[in-house]
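Here's the structure, in structure tokens; my notes come after.
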Amino acid sequence: MNRRRFLGHAVGAAVLTGASSTALPLVFTTPARAREASPVVIETRLGRLRGESIEGVASFKGVPYGASTAGDNRFRPPVPPAAWTGERDATQFGPSASQPAAASPVEFAWYWSKVPTSEDNLTLSVYTPGVNDGGKRPILVWLHGGAFSIGAGTSPGFDGSHLAKAQNVVVVSINHRLNLFGSLFTGEFPEELSPASGNLSVLDQIAALKWVRDNAAAIGGDAGNVTIFGQSGGAAKVAVLLGAPAAKGLFHRAVIQSASGAWRLATPESAARSAHALLAQFDLTARNAGKLRQIPADKLVAAIAQVAAKTGVADFRPTLDNLVFKQHPFDPAASAVSEDIPLLIGTTADEATFFLAGDQRNFSLGADQVRARIKKFIGLDDAATDKLIRAYRDILPESSPSELLIAVAGDYNYVLPTLLVADRKAAQGKAPVYAYRFDWRSPARDGVLGSPHTAEVPFIFGTLDAAAPLIGDSPDRLNVRDRIGEIWASFARSGRPTTKAIAEWNPYRGEERTAALIGGTWRTVDDHAKARRAAFADIAPYEYSRPVTFTRD
């Protein structure tokens with residue numbers, strides 16, 4: 001299996017662009033006017049929290065669901081935070097997890113947080129239209145993207161205020177350990193780190209879900225109706241939790257948005273190879289790996305790039321460790337752990353433009369340049385490369401070379417992997433699967449970005465101002481926001497996505513593989529990726545070509 005799928009933003013951009021492109025600095029928009037806030041207090045299991053209410057939405061930020069992971073707690077499962085007396089201030093975001101710096105073109109700056117990092121990062125944020133009112137609202141728990149390596153739940157585009165108020169739901173966004181702090185598996189001497197050290201990020205997320213369960217009433221939500229949703233690396237986190245026995249019963253619906261390689265965990269061999277390469281950077285071995293606790297976090301973060309340079313991949317992500325996980329979540333079939341969980345799943349129409357946006361020249365490439373990049377990105381020989389390009393020219397006869405690259409790369413890295421998960425979940429014949437393709441087109445850069453990776457996120461949250469460089473003055477932006485928010489909230493409420501814009505959205509199953517085109521077209525289609533799946537089936541001998549058996553009605 002091609003490991004590039006798991007490395008998301010950084011590797012995807014480097015391979016697709018053909019060179020290291022210079023990313024533009026992070027730019028964030030500032031609200032046009034200050035909004036008046038009033039204090040609001042809730043009682044949680046650990047003590048009282050003082051948040052603030054703004055325009056009918058109460059927020060509680062930097063809420064601890066776990067103790068600091070620094071010192072002796074580094075590389076160990078999360079432990080509950082200490083209770084407190086009095087009122088704890090909950091008006092400021094908690095720290096981001098330790099991670100490499102992120103940069104982005106201005107159109108996507110809203111995706112990244114500027115909150116400083118710390119190992120005391122097991123915190124969450126809550127947005128709710130009502131507290132202490134006996135409300136039993138659906139709770140949507142957001143898992144941020146960043147390929148298990150970077151990112152935070154505190155980014156400007158993830159503010160849950162609008163979604164909570166407009167749809168009468170509770171929105172929770174979490175931070176958790178990332179990269180080697182969240183997944184470091186040596187394969188031997190487990191007592192040096194901890195037996196579960198390969199899946200700490202997963203255990204963090206489970207701890208956050210337990211906080212939600214235990215405090216649902218205080219935040220105006222329903223502990224029996226929790227939806228986890230995430231995009232990109234966050235979508236992979238959702239897929240992983242769908243296969244985690246320890247997460248069973250903590251959530252009741254799931255949304256996977258643009259997942260890459262989400263059907264499999266890191267193998268023990270790959271994870272151990274990266275861990276041993278990291279240890280070697282500090283003249284350590286698995287036998288004395290516990291000494292990593294004495295090394296400053298910033299030095300460990302810096303070593304990630306060195307591991308990737310020496311081994312070709314820094315595979316620090318959830319691992320098939322035979323402890324937290326005894327099987328892959330969707331390989332060779334969907335795990336029975338969450339067979340009763342309805343799933344909403346899909347991608348955007350032009351995933352790859354997110355990774356190409358760092359250099360405008362990527363949108364005016366020649367045919368030879370595109371051929372070379374496709375060959376390298378997928379790892380094909382000359383004959384297979386030419387065969388794949390011919391197939392895509394038949395699918396997209398009017399496309400330019402750059403548009404062809406966008407389609408091939410987006411399908412290979414996101415569309416087909418995401419639909420593979422849909423196939424295997426639907427094949428269980430249990431809880432329904434609903435598929436979508438987000439096809440709203442950004443007006444930025446005269447439209448060359450199309451519907452890029454991440455594009456649906458500000459419409460779900462309603463953070464259009466934060467994402468203004470991407471969304472601009474699109475005339476339909478408010479209508480798209482309201483419809484998309486309605487779809488996500490209705491799915492959280494009932495397990496079925498509904499909107500007046502689509503008359504009949506049937507589950508994804510059988511040979512039809514029904515999907516809704518949302519954001520631009522607003523209609524349903526059958527098996528929208530059929531030709532693209534066929535184009536890859538005879539070329540790349542991997543999971544997309546495996547037969548799937550469906551349960552028919």
*Close side-chain approach of Leu416 and Arg533, heavy atoms under 4.5 Å*: yes
*asked:* Just checking Asp394: does its CG atom have more than 12 heavy atoms from other residues, nucleotides or ligands closer to it than 6.0 angstrom?
replied: yes
*asked:* When you compare the side chains of Glu192 and Thr186, does any donor N or O come within less than 3.5 Å of an acceptor on the partner?
replied: no
*What closest approach, in Å, do Tyr392 and Ala535 show between heavy atoms, and which atom pair accounts for it?*
CE1-CB, 3.8 Å
*Measure from the side-chain N and O atoms of Ser118 to the backbone N and O of Pro95, and report whether any donor-acceptor pair falls under 3.5 Å.*
no
*State whether a side-chain donor-acceptor pair under 3.5 Å links Asn199 with Arg317.*
no
*Do side-chain atoms of Ser113 reach the backbone of Val115 as a donor and acceptor pair under 3.5 angstrom?*
yes
*Is a salt bridge present between Asp321 and Lys326, judged by a nitrogen-to-oxygen distance below 4.0 Å?*
no
*Passes side-chain contact (heavy atoms from CB on, under 4.5 Å), Thr385 versus Leu380? Steps please.*
CA-CA 6 Å; Thr385 301; Leu380 303 175; 3.4 Å; yes
*asked:* To the closest 0.5 Å, what do you measure between CG (Leu356) and OG (Ser402)?
replied: 7.5 Å
*Begin with the C-alpha distance, continue with both residues' side-chain angles, and end with the deciding distance and a verdict on side-chain contact (heavy atoms from CB on, under 4.5 Å) for Leu180 and Phe75.*
CA-CA 9 Å; Leu180 61 88; Phe75 306 123; 4.1 Å; yes
*Got a second to check how far Leu193's CG is from Leu292's CG, nearest 0.5 Å?*
6.5 Å
*For the pair Thr463 (side chain) and Gly157 (backbone), establish whether a donor and an acceptor sit closer than 3.5 Å, ignoring hydrogens and angles.*
yes
*Taking all atoms of both residues into account, what is the closest heavy-atom pair of Ser338 and Leu242, and its distance?*
OG-O, 2.9 Å
*Side-chain donor or acceptor of Arg293 paired with backbone N/O of Ala70 under 3.5 Å*: no
*Side chains of Gln231 and Tyr111: donor-acceptor distance under 3.5 Å anywhere?*
yes
*Between Leu449 and Arg441, is any pair of side-chain heavy atoms under 4.5 Å apart?*
no
*side-chain hydrogen bond (donor to acceptor under 3.5 Å, both in side chains) between Thr117 and Gln99, worked out*: CA-CA 7 Å; Thr117 64; Gln99 60 188 276; over 6 Å; no
_Exercise: identify the closest heavy-atom pair between Ala236 and Ala259_ = N-CB, 4.5 Å
*State the OG-CD distance between Ser197 and Glu191, to the nearest 0.5 angstrom.*
10.5 Å
*With no hydrogens and no angle check, do the side chains of Glu456 and Trp488 hold a donor and an acceptor under 3.5 Å apart?*
no
*Check the pair Phe148 / Phe316 against ring-ring contact (aromatic ring centres under 6.0 Å, His included), numbers first and verdict last.*
CA-CA 8 Å; Phe148 296 107; Phe316 303 120; over 10 Å; no
*In this structure, are over 12 heavy atoms from other groups packed under 6.0 Å from Asp446 atom CG?*
no
*Okay, side chain of Ser125, backbone of Lys61: is any donor-acceptor separation there less than 3.5 Å?*
no
*Does a salt bridge link Asp381 with Lys375, judged by any charged N lying under 4.0 Å from a carboxylate O?*
no
_Run the side-chain contact (heavy atoms from CB on, under 4.5 Å) test on Leu464 and Phe459 for me, step by step, so that the C-alpha distance in whole Å, both residues' side-chain angles and the decisive distance to 0.1 Å come before the verdict._
CA-CA 7 Å; Leu464 304 187; Phe459 291 102; 3.8 Å; yes
*Ser98 OG to Phe181 CZ distance, which is reported to the nearest 0.5 Å*: 4.5 Å
*Grab the two heavy atoms, one from Trp110 and one from Ser155, that are nearest each other, plus how far apart they are.*
O-CB, 3.5 Å
*Roughly how far, to the nearest 0.5 Å, is the CG atom of Asn413 from the OG1 atom of Thr347?*
12.0 Å
_Which heavy atom of Ala254 sits nearest to which heavy atom of Thr227, and what is that distance?_
N-CG2, 4.3 Å
*asked:* Using side-chain heavy atoms (C-beta onward) and a distance below 4.5 Å, is Leu344 in contact with Tyr436?
replied: yes
*For the residue pair Phe461 and Phe158, does the interplanar ring angle fall in the parallel (under 30°), tilted (30 to 60°) or perpendicular (over 60°) class?*
tilted
*Do Arg177 side-chain atoms and Ser201 backbone N/O form a donor-acceptor pair below 3.5 Å?*
no
_For Pro100 versus Ser149, what's the shortest heavy-atom pair and its separation?_
CD-O, 4.0 Å
*Name the orientation class of the two ring planes belonging to Phe355 and Tyr414 (parallel below 30°, tilted from 30 to 60°, perpendicular beyond 60°).*
parallel
_Tell me whether Arg371 is salt-bridged to Asp382, with the criterion being a basic N under 4.0 Å from an acidic carboxylate O._
yes
*Tell me yes or no: between the side chains of His453 and Thr348, is some donor less than 3.5 Å from an acceptor?*
no
*If only atom types and distance count, is the side chain of Lys299 paired as donor or acceptor with the main-chain N or O of Ile295 below 3.5 Å?*
no
*Considering only heavy atoms from C-beta outward, does the side chain of Ser335 approach that of Gln327 to under 4.5 Å?*
yes
*Pairs satisfying salt bridge (Lys or Arg N to Asp or Glu O under 4.0 Å), at least one member in residues 65-81, at least two apart*: Asp72-Arg76, Arg74-Glu119
*asked:* What I want to check is whether the side chains of Asp204 and Tyr65 have a donor and an acceptor closer together than 3.5 Å.
replied: no
*Do the side chain of Ser442 and the main chain of Ala444 share a donor and acceptor less than 3.5 angstrom apart?*
yes
*Quick one: does Arg287's side chain get under 4.5 Å of Glu188's, heavy atoms only?*
no
_Candidate pair Asn175 and Leu124, rule side-chain contact (heavy atoms from CB on, under 4.5 Å), full reasoning_ = CA-CA 6 Å; Asn175 285 347; Leu124 53 81; over 6 Å; no
*Lys237 side chain vs His144 backbone, donor-acceptor pair below 3.5 Å*: yes
*Any side-chain heavy-atom pair from Asn362 and Asp359 closer than 4.5 angstrom?*
yes
*asked:* Tell me if a side-chain donor or acceptor on His328 pairs with a main-chain N or O of Leu265 at a distance below 3.5 Å.
replied: yes
*asked:* Within the structure provided, determine whether Ile460 and Gln257 are in side-chain contact (heavy-atom separation under 4.5 Å).
replied: yes
*Starting from the C-alpha separation in whole Å, work towards a yes-or-no answer on salt bridge (Lys or Arg N to Asp or Glu O under 4.0 Å) for Arg424 and Asp331.*
CA-CA 8 Å; Arg424 292 183 177 173; Asp331 188 63; 3.1 Å; yes
*asked:* Is there a side-chain contact between Val141 and Ile174 in this structure, where contact means two heavy atoms from C-beta onward sitting under 4.5 Å apart?
replied: yes
*Scan side-chain atoms only and decide if Ser270 and Asp315 contain a donor-acceptor pair under the 3.5 Å cut-off.*
yes
_CG on Leu419 to CD1 on Ile256, rounded to 0.5 Å_ = 11.0 Å
*If you draw a 6.0 Å radius around NZ in Lys248, do more than 12 non-hydrogen atoms from other residues or ligands fall strictly inside?*
yes
